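Each remark here refers to the structure printed beneath this line.
Scope of the values below: all heavy atoms of this structure, side chains included, with no hydrogens, waters or symmetry mates. Note that this is a predicted model, so its numbers are computed, not measured.
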Amino acid sequence: MATNTTDFGSKRDAHSAHQSAYLIEALLLLTILAAAIAIFTSLFALAMRRGNESVELDRATHLATNVAERFVADPVGVLEEYEEDGYRITCDVIPERTDSGVFYRAAITVWTDANESLYTIETARYVSEVS
């Protein structure tokens with residue numbers, strides 16, 4: 001009776017091949033997972049940065065519209081430049097005399113600490129001198 005050593009050897013080789021395939025699949029999966037994590041991390045960082053920019057622009061818009069409302073109420077009494085909530089706000093008023101009054105134009109700009117313009121709004125008000 002002859003022993004069948006070749007079958008035993010081929011089973012061992014097949015088992016070793018399955019372990020190698022499993023290791024390669026696991027490494028491939030880890031590589032794909034690491035790439036996905038890197039991509040999602042950069043996307044979340046970008047989304048967070050855009051969200052912060054949106055909040056900053058919203059705050060600048062709110063400040064500028066508040067100044068525009070004060071300008072419409074009193075075009076002469078609005079300050080040319082001041083700071084509020086860490087932003088610098090400038091209001092450039094240009095009066096234009098007419099026969100019966102004054103037409104005031106204003107350009108209101110909100111600036112960051114880095115002297116970067118965030119938002120500008122233009123408004124106007126006519127003040128009649130006719131009684």
Quick one: do Leu43 and Ile37 end up in the same hydrophobic cluster if we chain Ile, Leu, Val, Met, Phe, Trp and Tyr together by side-chain heavy atoms under 4.5 Å apart? no
Can you measure from CD1 (Ile108) to CZ (Arg70) and round to the nearest 0.5 angstrom? 9.0 Å
Determine whether a donor-acceptor pair (N or O, by modelled atom type, separation under 3.5 Å) exists between the side chain of Arg125 and the backbone of Val72. yes
Do Arg88 and Val110 have side chains that approach each other closer than 4.5 Å (heavy atoms only, starting at C-beta)? no
Work out which heavy atom in Thr112 is nearest to a heavy atom in Tyr87; give both atom names and the distance. CA-CD2, 4.5 Å
Between Glu129 and Arg97, does a side-chain contact (heavy atoms from CB on, under 4.5 Å) hold up when you go through it step by step? CA-CA 10 Å; Glu129 293 176 350; Arg97 282 215 148 290; 3.1 Å; yes
Same cluster or not: are Tyr82 and Phe71 linked, directly or through other Ile, Leu, Val, Met, Phe, Trp or Tyr residues, by side-chain heavy atoms under 4.5 angstrom apart? yes
Consider only side-chain heavy atoms of I, L, V, M, F, W and Y, link residues closer than 4.5 Å, and tell whether Val93 and Val102 are in one cluster. yes
From Leu28 CG over to Ile32 CD1, what is the distance, rounded to the nearest 0.5 angstrom? 4.0 Å
Between Thr90, Leu79, Ile89, which is the residue that forms a side chain to side chain contact (heavy atoms under 4.5 Å, CB included) with Val67? Ile89
Taking only Lys NZ, Arg NE, NH1 and NH2, and the carboxylate oxygens of Asp or Glu, determine whether Glu122 and Arg105 approach each other closer than 4.0 Å. no
Taking the side chain as every heavy atom from C-beta outward, state whether Leu57 and Glu53 have any atom pair closer than 4.5 Å. no
Side-chain (Ser54) to main-chain (Arg50) donor-acceptor, under 3.5 angstrom: no
May I ask whether Phe103 and Val76 are part of the same hydrophobic cluster, defined by side-chain heavy atoms of I, L, V, M, F, W, Y residues being less than 4.5 angstrom apart, directly or through others? no
I need the minimum non-hydrogen distance between Val78 and Cys91, along with the two atoms involved. CG1-SG, 3.8 Å
Classify the side-chain pair Tyr119/Thr65 by whether it contains a donor and acceptor separated by less than 3.5 Å. no
Do Thr109 and Thr120 meet the criterion of a side-chain donor-acceptor pair at a distance under 3.5 Å? yes
Please check if Ile121 and Leu63 belong to a single hydrophobic cluster, counting links between Ile, Leu, Val, Met, Phe, Trp and Tyr side chain heavy atoms closer than 4.5 Å. yes
About how many Å separate OH of Tyr104 and OG1 of Thr123, when rounded to the nearest 0.5 Å? 14.0 Å
How far does OH of Tyr126 sit from OG of Ser128, to the nearest 0.5 angstrom? 5.0 Å
Counting C-beta onward and ignoring hydrogens, is there a side-chain heavy-atom pair between Val127 and Pro75 closer than 4.5 Å? yes
I'd like to know whether Glu56 forms a side-chain contact (heavy atoms from CB on, under 4.5 Å) with Leu118, so could you lay out the CA-CA distance, the side-chain angles of the two residues, the decisive distance to 0.1 Å, and finally the verdict. CA-CA 8 Å; Glu56 192 173 60; Leu118 275 178; 3.7 Å; yes
